[in-house]
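One structure is given below, encoded as structure tokens.
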Amino acid sequence: MTPDDLDTVQRSWTHLREHRTSFLDRLAVALAGRLDAAAAAGHARRLVDATDELIDLLATPSHLARRAHEIVSSWVPGAAAPDLDIDGAAWLSAAAEVSPTWSGEDVAAWRRAWLLLGDVVAAETLAPFGSASQPRLPT
């Protein structure tokens, strides 16, 4: 990730955080194809909470990996594991609906953030986020 990507992700996250309730609702709807409504709402909340914790660590991958491992370890037993493909596509869809300023630049920066997360997590062998192979990003 470039410094510009970090700035873009931070800026867009600030806006999404300001519209948290709407974003959570749209994200849950976007996840409904994968999960039932109650599970989708819980999953959306966990993803947003995890993002809130991890976003400031994107600039320090070693800290990002450690905290991601802690989050995965504390993920609700029996809950759906995060999936970069499915959750990423839902995230992009929900963000575009909630944020009138959402742009192609935002999409590209978030994809690079997920790639970084996938890389550091794969290095830590945290299966819920991806395998040791390169994670596929949402198209």
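Quick caveat, the model's predicted, so the values are computed rather than measured.
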Evaluation steps, side chain to side chain contact (heavy atoms under 4.5 Å, CB included), between D87 and H43: CA-CA 9 Å; D87 297 341; H43 191 69; 3.0 Å; yes

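- A salt bridge is defined here as a Lys NZ or Arg NE, NH1 or NH2 lying under 4.0 Å from an Asp or Glu carboxylate O, and D49 with R20 meets this definition.
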Worked verdict on W110 versus T51 for side chain to side chain contact (heavy atoms under 4.5 Å, CB included): CA-CA 11 Å; W110 278 95; T51 300; 3.9 Å; yes

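- Shortest non-hydrogen contact noted between A94 and F23 is CB-CE1, 3.7 Å.
- W13 has its side chain within reach of V48: a pair of non-hydrogen atoms, C-beta onward, lies under 4.5 Å apart.
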Validation: residues 55-62 side-chain donor-acceptor distances under 3.5 Å, sequence neighbours left out:
unit_1 : atom_1 : unit_2 : atom_2 : d
D56    : OD1    : Q10    : NE2    : 3.0
T60    : OG1    : L57    : O      : 3.3
T60    : OG1    : H63    : ND1    : 3.4

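- Under the 4.5 Å side-chain heavy-atom criterion for Ile, Leu, Val, Met, Phe, Trp and Tyr, L16 and V29 are members of distinct hydrophobic clusters.
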Criterion side chain to side chain contact (heavy atoms under 4.5 Å, CB included) on I71 and R67, from CA distance to verdict: CA-CA 6 Å; I71 290 171; R67 186 63 191 130; 3.8 Å; yes

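- A heavy-atom distance below 4.5 Å is found between the side chains of M1 and V9.
- When all heavy atoms are compared, the tightest approach of A28 to A40 is O-CB, 3.5 Å.
- Judged by distance alone, the side chains of S103 and D106 do bring a donor and an acceptor atom under 3.5 Å apart.
- Scanning for side-chain hydrogen bond (donor to acceptor under 3.5 Å, both in side chains) contacts around W102 gives an empty result, with sequence neighbours left out.
- Side-chain atoms of D5 and T2 form a donor-acceptor pair, as typed in the model, at a separation below 3.5 Å.
- Side chains of L47 and L31 form a contact here, defined as non-hydrogen atoms less than 4.5 Å apart.
- Contacts classified as salt bridge (Lys or Arg N to Asp or Glu O under 4.0 Å) and involving residues 90-104 (residues at least two apart or in different chains) are given here: R26-E97.
- A donor-acceptor pair under 3.5 Å is absent between the side-chain atoms of S99 and the main chain of A96, judged by distance alone.
- Proximity of H15 to P100: side-chain heavy atoms (C-beta onward) are separated by under 4.5 Å at one or more points.
- Within the model, atoms NE2 of H69 and CG of L64 stand 13.0 Å from one another, a figure rounded to the nearest 0.5 Å.
- Annotation: side chain of R11 is not in contact with side chain of D7 (no heavy-atom distance under 4.5 Å).
- For the pair S93 (side chain) and A89 (backbone), a donor-acceptor distance under 3.5 Å is absent.
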